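Whatever order the structure lists ligands and atoms in, that order sets their numbers, starting from 1. Since the structure is predicted, the reported quantities are computational estimates derived from the model, not experimental observations.
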Amino acid sequence: MNEKSPFPADFLWGTATSAYQVEGSPLADGAGASIWHRFSHTPGRTHNGDTGDVACDHYHRFAEDIALMRDLGLSAYRFSISWSRVLPAGQGTVNPKGLAFYDRLIDTLLANGLQPMVTLYHWDLPADLDDRGGWRERDAASWFADYAGLAFRAFDDRVNLWTTLNEPWVVADGGYVHGTLAPGHRDLAEAALVSHNLLRAHATAVQAYRAEGKHEIGIVLNLEPKHPASDAPADVAAARRADAYMNRYYLEPLVLGTYPPELAEIFGAAWPRFPGADFSLIRQPIDFLGVNYYTRGVTRHDATAIPTRASSVRQPGSTYTETGWEVYPAGLTETLLRVREYCGDLPLYVTENGAAFPDPEHPANGTVDDPLRVAYYRAHVGAALEALRRGVNLRGYFAWSLLDNYEWSHGYSKRFGLVHVDFETLRRTPKASARALIPSGSPP
Ligand code: BGC
């Protein structure tokens with residue numbers, strides 16, 4: 001890192017990916033199917049019928065990808081373990097070839113000076129566990145802790161940073177409210193149980209880590225400010241509900257041991273009574289929090305919007321990404337400062353931040369010119385620096401994503417990579433943004 005960088009010398013600069021989005025070969029070498037394998041192979045579920053069967057072929061090309069990260073000057077890599085690769089049925093028999101893949105990945109990272117940050121769950125539940133009720137079952141917490149224990153025993157000698165779940169809100173909202181993500185259900189009562197069991201699973205895995213691990217463990221939440229679209233009381237109330245549903249739903253039980261009262265109103269008859277003892281479990285001390293930040297929501301009352309009766313309105317004059325998200329860098333500073341109010345000095349990482357823009361289809365002169373993404377990163381890295389200057393204990397920043405990859409139900413139609421992937425040849429080409437990510441010299 002350039003000596004004049006305004007960031008601390010030990011600040012981690014990384015990129016993030018997830019197993020199903022980049023690895024490919026989902027059933028190779030004895031792996032079991034995940035809910036994403038099943039969902040993407042169900043006609044009509046994904047754009048163009050796209051699946052993660054090949055994705056970026058990171059399963060075979062990880063060494064090339066790690067060399068790229070090293071050459072870009074990165075110091076960390078956040079990736080997820082595919083649960084069904086290491087435990088094909090989710091429980092029971094271990095697949096040694098699955099563990100061996102992550103062994104090779106971790107060893108190659110370390111040999112190239114990159115620190116691994118491991119996500120245990122990035123949305124790809126083993127399909128066999130889904131057949132047994134998946135996250136709707138209270139038993140899911142112990143299934144997850146058993147899997148986590150296996151990963152800790154295999155890799156904690158080389159992995160210093162662990163996270164339990166990636167974005168529990170998306171798992172519940174996409175997978176069980178709107179059905180746009182696996183397993184594709186639409187049932188509010190299920191969603192309430194799923195979120196609760198995810199939080200219990202997180203906490204049970206943290207307990208397992210205290211018994212088996214020696215380093216640090218946290219969780220990754222996707223957070224975004226919800227600003228009222230007007231001063232009208234209905235819009236102010238809508239923004240409060242949207243905030244309770246997306247942000248405080250997870251922050252408050254983790255930190256305070258309670259759910260925000262708005263949730264009972266939002267879920268109505270679908271809101272269950274939860275055993276009181278669950279909340280002391282969920283409020284388990286963690287070592288750091290990962291924050292995924294993409295946008296804000298300017299929110300208005302909307303009686304048709306499920307479940308919050310709140311929806312976002314577009315801001316004339318703002319830039320929007322290809323996924324329809326407003327580019328709003330100040331929201332990253334705001335989010336980090338807000339987390340500080342809840343968590344005090346707990347170390348924080350920006351575990352994802354990035355944008356899909358319509359890049360040129362093909363590289364030219366050995367690169368891809370992506371000025372909108374360059375501007376996006378400059379502004380958001382600046383916003384992270386502002387939070388650091390205002391006292392946030394921010395330890396690192398991970399761009400989403402290293403590679404153009406499988407964007408879930410959008411298939412390959414949305415490109416988030418710092419590195420362009422030609423999905424015919426799988427050739428990698430760093431975009432201009434890859435070289436612009438890490439600031440050097442004067443502050444961005
Ligand atoms: C997820 C990623 C996803 C990204 C962009 C995050 O919510 O963790 O898996 O690709 O957003 O949509």
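The shortest separation from a heavy atom of His122 to ligand 1 is under 4.0 Å, placing the residue in contact.
Of the options Tyr294, Trp325, Tyr406, the smallest heavy-atom separation from atom 4 (C) of ligand 1 is shown by Tyr294.
Heavy-atom proximity to Asn166, at under 4.0 Å, picks out these atoms of ligand 1: 8 (O). Listed by number with element, the atoms of ligand 1 under 4.0 Å from a non-hydrogen atom of Trp123 are 1 (C), 7 (O), 8 (O).
With no hydrogens or angles considered, a side-chain donor-acceptor pair links Asp29 and Tyr59 at under 3.5 Å.
When non-hydrogen atoms are compared, ligand 1 lies under 4.0 Å from neither the backbone nor the side chain of Lys414. Neither the backbone nor the side chain of Val170 has a heavy atom within less than 4.0 Å of ligand 1.
Counting protein heavy atoms only, atom 7 (O) of ligand 1 is closest to Glu167 OE1, 2.5 Å. In terms of protein heavy atoms, atom 6 (C) of ligand 1 is closest to Glu352 OE1, 3.0 Å. Looking only at heavy atoms of the protein, atom 10 (O) of ligand 1 is closest to Glu407 OE1, 2.6 Å.
The cationic group of Arg373 does not satisfy the cation-pi geometry with Phe357, failing either the under 6.0 Å distance to the six-membered ring centre or the 45° limit from the ring axis. A cation-pi arrangement is absent between Arg104 and Phe62 under the rule of less than 6.0 angstrom and at most 45 degrees off the ring axis.
Checked against the 6.0 Å centroid threshold, Phe7 and Trp13 count as a close aromatic pair.
By the 6.0 Å contact criterion, CD1 on Ile306 is open, its count of non-hydrogen atoms from other residues, nucleotides or ligands being 12 or less.
Put simply, the side chain of Thr204 never gets that close to the backbone of Ala141: no donor and acceptor are under 3.5 Å apart.
Here the closest heavy-atom approach between residue Pro329 and residue Ala379 is recorded as CG-CB, 3.5 Å.
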